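Working notes for the structure below.
This one's a predicted model, so the numbers in the text were calculated from it and none came from an experiment. Just follow the structure's listing: the first ligand is 1, and inside any ligand the first atom is 1.
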Amino acid sequence: MQELKSLIREVPDFPKPGILFKDITTLLGDPGGLRRAIACLVEPFQEAAIDKVVGIESRGFIFGAAVADRLGAGFVPARKPGKLPARTVRVEYALEYGTDTLELHEDALDGGQRVLIVDDLLATGGTARAAADLVAGRGAEVHALAFLVELDALRGRDRLAGHDIFAALHY
Ligand code: AMP
């Protein structure tokens with residue numbers, strides 16, 4: 001795990017002062033690191049009979065699609081507003097300042113399907129909470145949420161109460 005951590009670059013004051021950004025592009029560019037990161041996200045869910053992986057725009061697409069492939073599941077993108085072409089459902093959620101929105105195609109999930117939600121990083125949990133609410137709103141089952149990185153001090157887990165959460169790396 002220390003080896004994976006060493007592949008993540010920390011960029012101070014991005015995208016704004018005071019944020020220490022965990023830049024995973026350095027990990028993605030390392031063949032062994034990419035493979036290990038995907039394997040870490042897949043391993044806990046091998047036997048979970050996941051039907052669909054929902055990846056959160058945009059870094060959740062990179063890991064989510066790879067995880068879906070290895071689990072034999074389909075992949076569903078949860079996108080920022082206005083990006084998905086067909087009919088969508090949406091959830092608005094609060095940010096530190098203002099609000100943001102996530103959308104799913106309304107026919108992307110069927111009732112009762114077992115869903116794994118994937119993103120690169122869990123910070124305050126607002127984004128993941130919105131994704132979980134979208135999935136549940138379609139009548140599907142949120143089996144778990146999986147992240148490569150969790151920023152423990154921000155207590156994102158508290159916003160995801162009632163859900164199983166997996167994170168490979170903790171800071
Ligand atoms: P949150 O809704 O606060 O849990 O934020 C999660 C989303 O913001 C994820 O999609 C992350 O990619 C991104 N994010 C938040 N904080 C950071 C950080 N310090 N470094 C990299 N990405 C971050």
Side-chain angles (χ1 to χ4, degrees), residues 1-30 33-34 36-38 40-42 44-45 52-68 75-84 88-105 108-109 115-137 142-171:
M1 290 306 167
Q2 210 47 47
E3 199 186 312
L4 274 186
K5 274 190 172 179
S6 71
L7 292 171
I8 298 175
R9 173 165 55 193
E10 299 195 328
V11 183
D13 300 318
F14 183 88
K16 56 186 182 185
I19 304 285
L20 182 59
F21 194 84
K22 305 285 189 215
D23 175 18
I24 58 151
T25 63
T26 39
L27 179 149
L28 296 175
D30 183 275
L34 176 61
R36 277 204 59 205
I38 293 165
C40 283
L41 291 169
V42 167
F45 307 105
K52 293 278 169 71
V53 172
V54 170
I56 302 176
E57 186 165 356
S58 57
R59 290 179 293 273
F61 294 173
I62 300 166
F63 293 114
V67 168
F75 176 77
V76 172
R79 299 211 64 178
K80 303 283 165 59
K83 303 280 190 181
L84 290 169
T88 61
V89 287
R90 56 166 54 195
V91 163
E92 211 176 86
Y93 58 100
L95 298 173
E96 199 179 347
Y97 301 102
T99 62
D100 212 339
T101 303
L102 268 188
E103 292 187 344
L104 279 185
H105 272 144
L109 298 172
V115 172
L116 177 67
I117 296 172
V118 172
D119 203 358
D120 67 327
L121 183 142
L122 176 62
T124 67
T127 311
R129 172 86 248 171
D133 289 348
L134 274 175
V135 170
V142 179
H143 175 76
L145 298 99
F147 305 90
L148 186 63
V149 174
E150 179 174 358
L151 304 182
D152 296 343
L154 296 180
R155 306 181 67 90
R157 275 172 192 259
D158 294 353
R159 299 214 15 210
L160 297 167
H163 290 299
D164 278 344
I165 298 156
F166 168 78
L169 306 173
H170 293 264
Y171 289 85

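For D120, the heavy-atom gap to ligand 1 drops under 4.0 angstrom. Remark: distances from the non-hydrogen atoms of I24 to ligand 1 are all 4.0 Å or more. Within the 4.0 Å heavy-atom cutoff, A128 does not count among the residues contacting ligand 1.
Residues K5 and H170 come closest through the heavy atom pair NZ-O, 2.6 Å.
The protein non-hydrogen atom at the shortest distance from atom 17 (C) of ligand 1 is L121 CD2, 3.5 Å. Here the heavy atom of the protein found nearest to atom 20 (N) of ligand 1 is K22 N, 2.9 Å. Here the heavy atom of the protein found nearest to atom 2 (O) of ligand 1 is T127 OG1, 2.6 Å.
Contact annotation for D119 and ligand 1: only side-chain heavy atoms (C-beta onward) come within less than 4.0 Å of the ligand. Using a 4.0 Å cut-off between heavy atoms, L20 contacts ligand 1 through its backbone alone, with no side-chain atom that close.
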Tell me, with the steps shown, if E103 and R90 meet salt bridge (charged side-chain N to carboxylate O under 4.0 Å, His left out). CA-CA 4 Å; E103 292 187 344; R90 56 166 54 195; 2.6 Å; yes
Donor-acceptor contacts under 3.5 Å from residues 14-24 side chains, at least two apart:
| from | atom 1 | to | atom 2 | distance (Å) |
| --- | --- | --- | --- | --- |
| K22 | NZ | E10 | OE2 | 2.4 |
| D23 | OD1 | T25 | N | 3.0 |
| D23 | OD1 | T25 | OG1 | 2.8 |
| D23 | OD2 | R9 | NE | 2.8 |
| D23 | OD2 | R9 | NH2 | 2.8 |
| D23 | OD2 | T25 | OG1 | 3.2 |

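The R59 neighbourhood of ligand 1 comprises atoms 11 (C), 12 (O), 13 (C), 22 (N), with distances under 4.0 Å to a heavy atom of that residue. Remark: ligand 1 atoms within the under-4.0 Å shell around heavy atoms of T124 are 1 (P), 2 (O), 3 (O), 4 (O). Listed by atom number, the atoms of ligand 1 under 4.0 Å from L151 heavy atoms are 19 (N). Proximity to G126 (heavy-atom distance under 4.0 Å) selects the following atoms of ligand 1: 2 (O), 4 (O). Of all atoms in ligand 1, numbered sequentially from 1 with element shown, those under 4.0 Å from a heavy atom of A123 are 1 (P), 3 (O), 4 (O), 5 (O), 15 (C), 16 (N).
R129 CZ to Y93 OH: the interatomic distance, rounded to the nearest 0.5 Å, is 13.5 Å. Remark: L7 CG to R36 CZ distance equals 9.0 Å, nearest 0.5 Å.
When side chains are defined from C-beta on, F166 counts as touching L41, because their heavy atoms get closer than 4.5 Å. Taking the side chain as every heavy atom from C-beta outward, L28 and L34 approach each other to under 4.5 Å.
The salt bridge (Lys or Arg N to Asp or Glu O under 4.0 Å) pairs that include a residue from residues 115-124 are R59-D120, where partners are two or more places apart or lie in different chains.
At least one protein heavy atom sits closer than 4.0 Å to atom 4 (O) of ligand 1.
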